[in-house]
Amino acid sequence: MNFNDKVYRLCKLIPKGKVSTYKEIAKALDSRGYRAVGNALNKNPYAPVVPCHRVVSYSSHLHGFLHGLAAKRKLLESEGIKIKNNKVIDFEKVLFRF
DNA sequence: TATTTGACCAAGA
DNA sequence: ATCTTGGCCAAAT
């Protein structure tokens with residue numbers, strides 16, 4: 001099982017209406033490679049399969065998404081997550097820990 | 001094999 | 001508030 005595959009698997013585990021962070025994912029993988037997590041998602045060979053839009057930075061700030069942050073915000077809001085200035089509101093409430 | 005890169009994080013200037 | 005630096009890890013080149 002590759003590191004990336006684990007990342008993708010965890011991403012798919014994030015329930016609708018919740019978000020997670022690179023750090024949390026890395027921690028769930030017994031690694032401190034939160035950076036590698038972002039790197040993995042950046043490649044994202046499983047483009048539509050993996051809901052990578054539910055992953056934000058630790059400060060709840062949205063970072064580069066495939067279709068642009070605007071589309072992301074819309075998508076997240078449709079799941080019940082509020083976004084303001086590319087940041088997640090009530091971040092701690094919607095944060096999903098593994 | 002070695003170096004660079006990145007959707008990161010924290011701390012300092 | 002913005003920019004830089006150092007540290008972290010895996011994948012890509």
Side-chain angles (χ1 to χ4, degrees):
Chain A
M1 184 68 76
N2 297 331
F3 181 86
N4 283 7
D5 291 330
K6 293 182 186 176
V7 173
Y8 304 137
R9 187 154 45 116
L10 288 179
C11 282
K12 286 189 286 192
L13 280 182
I14 303 174
K16 176 184 161 203
K18 295 264 184 176
V19 298
S20 190
T21 70
Y22 304 98
K23 204 168 189 177
E24 284 294 324
I25 292 175
K27 191 164 55 175
L29 293 176
D30 278 323
S31 167
R32 288 155 245 57
Y34 25 79
R35 212 169 169 183
V37 174
N39 196 12
L41 289 179
N42 178 250
K43 308 295 164 85
N44 200 357
Y46 302 91
V49 188
V50 178
C52 43
H53 59 275
R54 294 190 185 131
V55 182
V56 299
S57 64
Y58 190 70
S59 54
S60 80
H61 185 273
L62 271 59
H63 270 275
F65 280 115
L66 314 329
H67 306 303
L69 302 183
K72 237 46 199 167
R73 182 183 42 160
K74 196 173 180 183
L75 187 50
L76 288 172
E77 286 178 339
S78 71
E79 296 185 351
I81 299 173
K82 301 180 183 64
I83 308 290
K84 174 130 187 176
N85 293 335
N86 291 335
K87 294 189 190 64
V88 177
I89 302 179
D90 296 331
F91 175 62
E92 307 201 355
K93 292 182 184 175
V94 296
L95 175 60
F96 176 72
R97 300 169 203 274
F98 298 94

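Chain letters run A, B, ... following the sequence lines, proteins first, then strands; residues in each count from 1. Keep in mind the model is a prediction, meaning the values are calculated, not measured. All heavy atoms count here, side chains included; hydrogens, waters and symmetry mates do not.
- Whole-Å rounding puts the K27(A) NZ to dC9(B) C1' distance at 14 Å.
- Within the 4.5 Å cutoff, the side chain of L41(A) has heavy atoms near those of the Y8(A) side chain.
- In the interface, the side chain of R35(A) is paired with the base of dC8(C) through a donor and an acceptor atom under 3.5 Å apart.
- Each of G38(A) and K23(A) lies near DNA chain B, and the nucleotide nearest G38(A) is the one positioned closer to the 5' end.
- Look at NE2 on H61(A): it is 15 Å from P on dA10(B), rounded to the nearest Å.
- Between the OH atom of Y8(A) and the P atom of dA7(B) there is a distance of 13 Å, rounded to whole Å.
- When the side-chain nitrogen and oxygen atoms of K6(A) are compared with OP1 and OP2 of dA10(C), none of them lie within a distance under 4.0 Å.
- Across all strands shown, Y58(A) has heavy atoms under 4.0 Å from sugar-phosphate atoms exclusively, and none from any base.
- When each of dG7(C), dA7(B), dA10(C) is scored by its nearest atom to the side-chain atoms of H63(A), the top-ranked nucleotide is dA7(B).
- When all heavy atoms are compared, the tightest approach of T21(A) to S57(A) is CG2-O, 3.8 Å.
- Among dT5(B), dA7(B), dG7(C), the nucleotide with an atom closest to any side-chain atom of N39(A) is dT5(B).
- Of the side-chain N and O atoms in S57(A), one or more sit less than 4.0 angstrom from OP1 or OP2 of dC9(B).
- Taking NZ of K18(A) as the start and CZ of R97(A) as the end, the distance is 9.5 Å to the nearest 0.5 Å.
- Side-chain atoms of V88(A) and L62(A), non-hydrogen and from C-beta on, do get closer than 4.5 Å to each other.
- Summarising the geometry, the separation between CG on L62(A) and C1' on dA7(B) is reported as 10 Å, rounded to the nearest angstrom.
- Summarising the geometry, the separation between CZ on R32(A) and P on dG6(B) is reported as 24 Å, rounded to the nearest angstrom.
- The distance between atom CD1 of I25(A) and atom P of dC9(B), rounded to the nearest whole Å, is 11 Å.
- If you check dC8(C), dG6(B), dA10(B) against the side chain of A36(A), the one that comes closest is dG6(B).
- Note on N42(A): a side-chain N or O is less than 4.0 Å away from OP1 or OP2 of dA7(B).
- Residue N4(A) places at least one side-chain N or O closer than 4.0 Å to OP1 or OP2 of dA11(C).
- Across all strands, F3(A) comes closer than 4.0 Å only to sugar-phosphate atoms, never to a base (heavy-atom distances).
- For Y22(A) and dG6(B), the OH to P distance is 14 Å, given to the nearest whole Å.
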Does the salt bridge (charged side-chain N to carboxylate O under 4.0 Å, His left out) test come out yes or no for E77(A) and K74(A), once each step is laid out?
-> CA-CA 5 Å; E77(A) 286 178 339; K74(A) 196 173 180 183; over 6 Å; no
